[in-house]
Novice: 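There's a structure below that I have some questions on.
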Amino acid sequence: TLVPGSFQHRAFETHVANVGAPVGQPGIGAGVASLSEQYQPVINADRRRIGIDAVIQYKPNPDLEFYVQGTYQDANQLQQQYGAYIRSLRNRSFVPGSVEYFSGTQDVSKIAFTNVPVRTFGADRDAYEESWQIAGGIKYDAGPAHLSIDAAYTRGNGQLYYTELNLDTTAPRVDFDVTTLPGTARVSGVDLASLNSFVIAGLARNINLSETESKQLRTDAWFEINSNFLKSMHFGIRWTDADVTQDQLRFSQTPSAGGAPLQASAYGDLFVLNPLNQMFGGTNLIEQNFYAANHNLLDGDGFDAVRQRLGITATASFNPLFGYKIGESTLAGYVMGKFEVDGPVRIDGNVGTRIIRTNLNVNGTRATFTQRPGTGTGPTNPAVFDQTGYAPVQIDSQYVSVLPSANVRVRFTDTLQLRLAAAKTLTRPGFSSLSPTLSLVPGQRTGSAGNPDLRPLRANQLDASLEYYPSSTTSLYIAGFYREIEDFLVTRTSPQTIDGIDYSISRPTNELGGKIKGFEVGGQTFFDFLPGLLSGFGVQANYTFVDSKTDTSVAGLQTPIANLSKHSFNTSLIYEKGGLSARLAYNWRDKFYSSLLSNDIVTNVPVYTRARDWLDASIGYDITDKITVTVEGGNLLRSKTRTYFGVPTRPGNYEQDSRTVMAGVRFTL
C-alpha cells in the first residue's frame, strides 16, 4: 500500500502593456500605421493545489499481480486585476506637430490625441478545479507470455467566475511613445486619482461551469520468441471515451439614471485607488494611480450586492449561445515486433503500426451576424455586424488513421550508437479549440472563439541521432529531424464590430501543409575527476536549429510554423553530492511566429514574439533518507515577452511575469 500526497501554494504577478494592432489614420496620411489603443492590466494571483494518491497492490504469486489506484486533485486560483484601457484611437483627432515616425517608415513612433476615452477597471477572477480518478489493473508474467489489463474512470468539474466593474472618463490629451518599454501613455487634463472625473460604465460577469468524464481501457500482450532475429511480438488495444459539457453565463449592463450615466463619486465605497500601482517597477511611463472598482466587493455573492446598489434590475442568466457538449471516442489496436541482430555491429529495434478509429460529436449554438447597411465601405467606415440570432451546431465525424512506425538502433561499440526512427503521427485538437462558442470581454474589447470544423494535425517524421557515451557520467549527441505536417493549428486574429463595439477576435484554424527540418547538438558531464566536493559539479547544454515553412490558406503567403523558434539553447550547471542537489538553468529562444492579423491597415500580417530568455534555479538537501527540503526560484531575470506586427517598428504586447520563489519539504513515513 502506498499513499503519497502533495500540497502547493504560490503567488505571482503579471504586468502587461499592449499598444494594440496598428490601424490607419487617414487624417495623417494614406498608408500610415498608428497605434490603436493602450491596454495595461496588472494581474495578481494566488494559486493552491492539493493532490492525494492511494495505491493497493496484491501479488498472490510471482506471476500474477493486481492493483487498485485512486487519485484526487483540487486546485484554485484567485486573481485580482486592475488596469487602464485607453480606448479606440482609430480616426481620432491628433495634435498637429506631435507625430513622429520610425526612421525610413510610415510607422508612427510618437503621437498625441485629443478627447480620448479612458476606461479603468477592477476585476475579480476565481477559478476552481476538482477531479478524481479510480483505476485498476492486472499483470500476468509467466515464461514467454505476458499480459496486462488496465482500466480507468475519471470525473472532473471546473468553475470560473469573472466579475468586472468599469469607470469611464475622457482625457483632453493623451501622449503616446512606443519607442519606450513599456510604451508610454500619459494622460493630461483629467485627474485619474479623483472619483469626480469618472462615470460608472459597465458591470460584467462571466461564469463558466464545466464537467468532464472519461473512460479508458488498455490491454497489452506480448510473447518472447527464441530466434536469431525476431525477439518478441506485441499486441494491444486502446479504448477511450471522453465527454466535456460547458455552460457559460455572460452578463453585461451599464447602470444609468434616466438614461444618464451614474457619477462614480456618489458610490465612492465601491472604488479604490489602484493598489497594484508598481507595474514594471513603478515606471511613470504609464498611468498607475487611478481609481478602479474594489475587486473584493465583486467576489462571490458580492456581485449581486453591487448590481442592486447600482440599480441594475436585470439578473444574470445562462445563455445557450455559450454552452456546448463535445464527445470523442477512440478505438485503437497495434501490433509491433522487436528484433535484434548480433555480430560485430549489433542492431536492434522495432517495427509496428497502429490503427485508430476516432468518433467526434460537437453540439452547441453559434451566433449569427448581419452586416449593418452602409458600413464596410472603406478604412474610415469599417464593417459593423449586429447579432441577429442563433444557429444550432451539430457535427458528427468519423475517421480512421493508420500510423506505422519503425525504430532502429545500431550499436557500433559499447560507447557509440546510432538511432533511426520513422513514423506517422496524429494530434487531435483540444476540446476548447473545438467549441462552437464565441466569448467576448467587453471591458477589454477582446474575444475568442473555437472552431468545431478543425481537423487533426498529421505528420510524417524522420529522426536520426548519433550518441557517444565515453563514461558513465558523460554523454554527447547530435540529432537531425524532418517533419511533413498537414492541417496544423494556428490562431488568426481579426477585427469585428459587434453591437457597436470593436473587438479583436482570435480563432483557431487549420493551415495547409508545412515542413520542419533541423538538428540538435548537446551533452552533459560531471567533473568526477576533481577532488572531494568539487566532483559533484556537472554541466548540461544543448542547441537546436529549426527551419520551418508553410503555405498558408492565404494565397501566396508563406510563414514559419507557429511557435517554433529558429534558434534556441539551454544550459544548466548541476551539483549532486552528499545529499545536496542543485541546478541553475538558463534557456534562450529566438523570435517565433504566433498568428496572423488583419485589419484596415494590415492584411494577413504575421505576429511575432521577440527572442526571450529565462533563468531558473533550485536546491534540495536530504536531511535524512526520508526527508528532503527544497527551494526553487523561477524567472530570476524577470524576463519580458514582446510581440510585434510584421516588423519591429509596429510593436504590440509587452509583458513581464514576476519572480517566484517556492520552498517545500518532501517526506516519506
Side-chain angles (χ1 to χ4, degrees), residues 1-10 47-77 127-159 210-224 232-245 327-336 338 354 356 431 579 581 618 620-630 632 662-669:
T1 301
L2 179 67
V3 185
S6 64
F7 173 79
Q8 184 186 91
H9 187 199
R10 60 175 297 201
R47 179 184 296 167
R48 178 188 60 80
R49 292 181 181 272
I50 297 174
I52 189 167
D53 202 10
V55 182
I56 299 176
Q57 293 175 297
Y58 173 60
K59 200 166 187 177
N61 61 62
D63 299 333
L64 186 62
E65 178 183 326
F66 299 89
Y67 85 90
V68 176
Q69 180 178 11
T71 302
Y72 175 80
Q73 293 185 336
D74 178 85
N76 65 54
Q77 181 167 296
Y128 306 90
E129 295 180 355
E130 184 181 44
S131 66
W132 60 267
Q133 182 185 79
I134 184 71
I138 303 172
K139 293 182 180 180
Y140 175 74
D141 291 281
H146 308 268
L147 174 69
S148 69
I149 301 174
D150 297 276
Y153 177 77
T154 306
R155 286 189 67 94
N157 64 78
Q159 304 169 52
S210 62
E211 292 185 1
T212 59
E213 181 183 47
S214 69
K215 299 178 282 290
Q216 304 171 45
L217 178 65
R218 183 181 73 183
T219 302
D220 297 283
W222 65 101
F223 305 91
E224 299 171 8
S232 63
M233 288 297 298
H234 299 246
F235 308 88
I237 296 174
R238 304 282 190 273
W239 174 78
T240 65
D241 185 83
D243 295 281
V244 60
T245 301
E328 182 181 79
S329 65
T330 63
L331 179 62
Y334 77 87
V335 59
M336 179 181 67
K338 290 186 177 181
R354 285 186 297 155
I356 306 173
F431 285 172
S581 174
S618 65
Y621 182 69
D622 297 330
I623 297 176
T624 71
D625 60 351
K626 293 186 176 182
I627 302 176
T628 300
V629 293
T630 60
E632 299 179 12
M662 294 195 299
V665 58
R666 184 173 64 250
F667 59 90
T668 58
L669 300 176

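Nothing fancy with the numbering, it's 1 onward along the sequence. Since the structure is predicted, the reported quantities are computational estimates derived from the model, not experimental observations.
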Novice: Considering the options K215, E213, Q133, which one meets the side chain to side chain donor-acceptor pair (under 3.5 Å) requirement together with Y153?
Specialist: E213
Novice: For the residue pair N157 and R155, establish whether any side-chain heavy-atom pair is separated by less than 4.5 Å.
Specialist: no
Novice: Atom OG1 in T628, atom CD1 in I623: separation rounded to 0.5 Å?
Specialist: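 So the OG1 of T628 and the CD1 of I623 are separated by 8.0 Å.
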Novice: Does any non-hydrogen side-chain atom of T219 lie less than 4.5 Å from one of F235?
Specialist: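 Contact flag for F235/T219 side chains = no.
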Novice: Can you give me every donor-acceptor pair (side chain of residues 138-149, partner residue at least two apart or in another chain, under 3.5 Å) with its distance?
Specialist:
{"unit_1": "D141", "atom_1": "OD1", "unit_2": "H146", "atom_2": "ND1", "d": "2.5"}
{"unit_1": "H146", "atom_1": "NE2", "unit_2": "E224", "atom_2": "OE2", "d": "2.8"}

Novice: Taking side chain as C-beta onward, heavy atoms only, is R47 less than 4.5 Å from H9?
Specialist: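 Side-chain contact under 4.5 Å: no.
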Novice: Checking D622 side chain against D625 main chain: does a donor-acceptor pair fall under 3.5 Å?
Specialist: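 Answer holds: no.
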Novice: Only counting residues at least two apart or in another chain, list the ones meeting side-chain contact (heavy atoms from CB on, under 4.5 Å) with S131.
Specialist: Q73
Novice: Considering only residues two or more places apart or on different chains, which pairs with a residue in residues 52-75 satisfy salt bridge (Lys or Arg N to Asp or Glu O under 4.0 Å)?
Specialist: R48-D74
Novice: Heavy-atom distance under 4.5 Å between the side chains of H234 and F223, does that happen here?
Specialist: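 No - every pair of side-chain heavy atoms lies 4.5 Å or more apart.
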Novice: Calculate, to the nearest 0.5 Å, the distance between atoms CG and CD belonging to N76 and E130 respectively.
Specialist: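 Rounded to the nearest 0.5 Å, the CG-CD separation comes out at 11.0 Å.
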Novice: Measuring from atom CE of M233 to atom NZ of K338, what distance do you get when rounded to the nearest 0.5 angstrom?
Specialist: 12.0 Å
Novice: Tell me, do I627 and V665 make a side-chain contact under 4.5 Å, heavy atoms counted?
Specialist: yes
Novice: Would the number of heavy atoms belonging to other residues, nucleotides or ligands and lying under 6.0 Å from CD of E129 be above 12?
Specialist: no
Novice: Just wondering, are more than 12 heavy atoms of other shown residues or ligands nearer than 6.0 Å to CD1 in I237?
Specialist: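 Counting neighbours around CD1 of I237, 12 or fewer heavy atoms of other residues, nucleotides or ligands fall under 6.0 Å, so no.
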Novice: If you count every heavy atom of other residues, nucleotides or ligands that lies below 6.0 Å from E211 atom CD, does the total exceed 12?
Specialist: no
Novice: Nearest 0.5 Å, what's the CD1-CD distance between I56 and Q69?
Specialist: 11.0 Å
Novice: Would Q77 and Y128 count as a side chain to side chain donor-acceptor pair (under 3.5 Å) if you check the C-alpha gap in whole Å, the side-chain angles of each, and the deciding distance to 0.1 Å?
Specialist: CA-CA 7 Å; Q77 181 167 296; Y128 306 90; over 6 Å; no
Novice: How about D220 and R218: do any of their side-chain heavy atoms sit closer than 4.5 Å?
Specialist: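 Yes, close enough: below the 4.5 Å cut-off.
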Novice: Measure across I356 and A332 and return the closest heavy-atom pair with its distance rounded to 0.1 Å.
Specialist: CG1-CB, 3.7 Å
